[in-house]
Each structure stands twice: as C-alpha cells, then as structure tokens.
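Residue numbers start from 1 in every chain, and the chains themselves are labelled A, B, ... in the order their sequence lines are given, proteins ahead of strands.
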2 protein chains.
Amino acid sequence: MDRVFRALANPTRRRLLDSLRTRNGETLGGLCADLDMTRQAVTQHLRSLEDANLVSTIRSGREKLHYLNPVPLQEIYDRWIHKYELNQLQFLTDLKKIAGGD
Amino acid sequence: MDRVFRALANPTRRRLLDSLRTRNGETLGGLCADLDMTRQAVTQHLRSLEDANLVSTIRSGREKLHYLNPVPLQEIYDRWIHKYELNQLQFLTDLKKIAGGD
DNA sequence: TTGACATGCAAGTAAATTATTGCATATATT
DNA sequence: AATATATGCAATAATTTACTTGCATGTCAA
C-alpha cells in the first residue's frame, strides 16, 4: 500500500494514469509524447507505477504496451479513505450526542 | 490536491492521521509519544499535514491541539479515485464488446 | 542486410525529503 | 521567583527522488 501512496505523490505519474484511462494499452513512445521530459525519465515513472501494481505491461514486437490496473486505487479507498469519511468518524457522532442532535 | 497526495505519501504522516482519527484534538506531545523520532521531526510532519489542510490546530495554553479534517480525503476520492472505479472505465466496456459479453 | 525506430540499461547530478541537534520562548506549577 | 513542561525556530546531515546524458540491444521495413 505504501508503494501506491508513493506512486500517486507525483503529478507526472498521476498524469500518466490519466493518459492510460483514456488510451489504455498505449506505448511508451505514445506516453512520452504528452510529457516534456526524456523518455528515460518517463520509463522510471512507469516503473514506479508498475511497482505499485497500478500499471502492467506487455511487450509487442519492438513496442511496450501499458495497461491501467485500477484495483490498488480501489483498495486505497476501501481500506483507507473509507475510514475517514465524515459519517464514519466516531468523534462526529460523539459531537452529535453532546450537542443533543438526532 | 498535490499537497494532499504528497502528505499521504509518508507512513508516519498516515499514522498521525490514524492517531487523530481515534484521538482527535490530541496535543503535539501526545502524538509524539506514539512515534520513535524526535518531537521536531513530528512537528515537521504535522506541518506537512497542515499545509495539505488535513489537520488544523489551535493553541490552548502551552499546548497545541490537533484536529483532523477529512474533507481533502473526500475530495481525493470524489475528484480523482472515483474516475478510476472499475465500472467507470471505458476500456472495460470496450473489452466486453470485443468479448461479446452482455 | 542496412538503416531507422522503439526500448533497455547505467551512471551521474540537482533538488526535495526526512530526520537530527541545539537553543529560544512561552506557559504552568510550586 | 524559580523550575519544569510544552512548543517554536534554525541549521545541518543523510537519504531519496526526479531527471539527465550516453550508449547498447532488439525489431521492423526497404
């Protein structure tokens, strides 16, 4: 889970995920075209996303195709963010009790 | 939004949020007691959480009280993770078409 | 097979992050 | 007033991150 949070911490990597959302299966070259940095830099960002299991790749001839895997994002939500939802927070229900609300 | 993602990228900061979830309003000293690092390091983590608007503080006498603000987490979900939910992804419906499923 | 294209690999640099130490300030307690 | 407690501020060191340059390898197409 730590790898996922760390992968999401970078705007270039979030942008890569957004690209794959609309152009799933995109090649490395295609993803590079969007970004103003070297191909090697993009490769390293993609590796970080692969390590977090947010992207998987397959080789097709001389091209590398990138596929989005949304499952870790679901897990971030289900196992983490969910607990922080307003109506899940105990202190708020405590506040309601104190305030006498119903 | 970038500040929120960056704040969440560190396990100590996620742990601080978890502490505040159960002990909202905790003092700096109280939060330090959980962690095996200097008070100054914890202060810097809390500043990062404040910059992301995930924590707000008020001074009470010689103590500083920390309160959790879950709203930025809601926004992360609503404006970002939500778009990646499995049934939101066009490529999956495309896959279904190709596979001929209904 | 030769040349162009797509990607892989590795070392190096600059900047950001994480954590430290040392000292200052403000509040509470006796 | 004197002491202990809680926090603030600043400089520094170690590590990680983000990105670069240079060269190697593998694949397609004429």
Side-chain angles (χ1 to χ4, degrees), chain A residues 1-20 23-69 72 76 80, chain B residues 1-20 23-69 72 76 80:
Chain A
M1 190 111 107
D2 188 54
R3 285 181 201 274
V4 183
F5 277 113
R6 268 178 10 225
L8 296 179
N10 180 284
T12 299
R13 288 194 290 270
R14 293 197 301 276
R15 202 167 148 189
L16 283 167
L17 291 179
D18 266 335
S19 296
L20 291 180
R23 289 146 44 207
N24 203 33
E26 183 60 279
T27 64
L28 173 57
L31 292 169
C32 286
D34 296 338
L35 298 167
D36 189 25
M37 66 182 65
T38 62
R39 170 181 56 81
Q40 289 86 338
V42 177
T43 299
Q44 286 171 41
H45 282 303
L46 287 167
R47 183 201 309 275
S48 161
L49 291 168
E50 279 195 78
D51 289 346
N53 205 22
L54 284 161
V55 165
S56 7
T57 61
I58 55 172
R59 195 63 189 261
S60 167
R62 61 179 165 180
E63 295 183 326
K64 192 175 186 182
L65 308 182
H66 297 75
Y67 293 91
L68 178 63
N69 176 22
I76 289 280
W80 209 82
Chain B
M1 191 112 104
D2 188 55
R3 284 182 201 275
V4 182
F5 277 113
R6 266 173 17 221
L8 296 179
N10 180 284
T12 300
R13 289 194 289 269
R14 294 197 300 276
R15 203 167 147 190
L16 283 167
L17 290 179
D18 267 335
S19 297
L20 290 181
R23 288 146 45 205
N24 204 30
E26 182 62 281
T27 64
L28 172 58
L31 292 168
C32 286
D34 296 338
L35 299 166
D36 190 24
M37 65 182 64
T38 61
R39 170 181 57 79
Q40 289 87 337
V42 177
T43 299
Q44 287 173 46
H45 282 302
L46 286 167
R47 182 201 311 275
S48 162
L49 291 168
E50 279 195 79
D51 288 347
N53 204 24
L54 284 161
V55 166
S56 5
T57 60
I58 54 171
R59 194 66 190 259
S60 166
R62 62 179 166 180
E63 295 184 326
K64 191 176 186 182
L65 308 181
H66 298 75
Y67 293 91
L68 177 63
N69 177 22
I76 290 279
W80 208 82

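The distance between atom CD of B:E50 and atom C1' of D:dG8, rounded to the nearest whole Å, is 13 Å. Here the C1' atom of nucleotide D:dA18 and the CZ atom of B:F5 are 19 Å apart, to the nearest Å. For B:L46 and D:dC9, the CG to C1' distance is 16 Å, given to the nearest whole Å. Atom CZ of A:R47 and atom C1' of D:dC19 are 14 Å apart (whole Å). For the pair B:L31 CG and D:dG8 C1', the interatomic distance rounds to 16 Å; values are reported in whole Å. Distance, B:L65 CG to C:dT27 P: 14 Å, rounded to whole Å.
Applying the side chain to side chain donor-acceptor pair (under 3.5 Å) criterion to A:D18, with sequence neighbours excluded, gives A:R21, B:Y84. Residues passing the side chain to side chain donor-acceptor pair (under 3.5 Å) test with A:R3: none are found, sequence neighbours excluded.
When all heavy atoms of B:D34 and B:R15 are compared, the closest pair comes out as O-NH2, 2.9 Å. B:Y67 and B:G25 get closest at one heavy-atom pair: CE2-CA, 3.5 Å. Considering every non-hydrogen atom in both B:D2 and A:P11, the closest pair reads OD1-CD, 3.8 Å.
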With B for base contact, S for sugar-phosphate-only contact and - for none (protein heavy atoms under 4.0 Å), nucleotides 13-24 of chain C reads ----SSBBBB--
Side-chain donor-acceptor pairs of residues 44-53 of chain B under 3.5 Å, sequence neighbours excluded:
{"unit_1": "B:H45", "atom_1": "ND1", "unit_2": "B:R13", "atom_2": "NH1", "d": "3.1"}
{"unit_1": "B:S48", "atom_1": "OG", "unit_2": "B:R13", "atom_2": "NE", "d": "3.4"}
{"unit_1": "B:E50", "atom_1": "OE1", "unit_2": "B:T57", "atom_2": "OG1", "d": "3.3"}

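Between atom CG of residue A:N69 and atom CG of residue A:L20 there is a gap of 11.0 Å, rounded to the nearest 0.5 Å.
Annotation: the terminal axes of the helix from C:dT1-D:dA30 to C:dT30-D:dA1 meet at 30°, where each axis is the rotation carrying the C1' atoms of four end pairs onto the next four (5 pairs per end, rounded to 10°).
Within the 4.5 Å cutoff, the side chain of A:L16 has heavy atoms near those of the A:V42 side chain. B:L28 is not listed as a side-chain neighbour of B:E63, based on a closest heavy-atom distance of 4.5 Å or more.
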Just the atom pairs and distances: protein N or O near nucleotides 25-30 of chain D's N or O, under 3.5 Å.
none

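In this structure, the side chain of A:R14 engages the main chain of A:L8 through a donor-acceptor pair within 3.5 Å.
Test B:N24, B:L31, B:L17 against B:V55 for side chain to side chain contact (heavy atoms under 4.5 Å, CB included) and you get one pass: B:L17.
Not one side-chain nitrogen or oxygen of A:K64 sits closer than 4.0 Å to the OP1 or OP2 atom of C:dA6.
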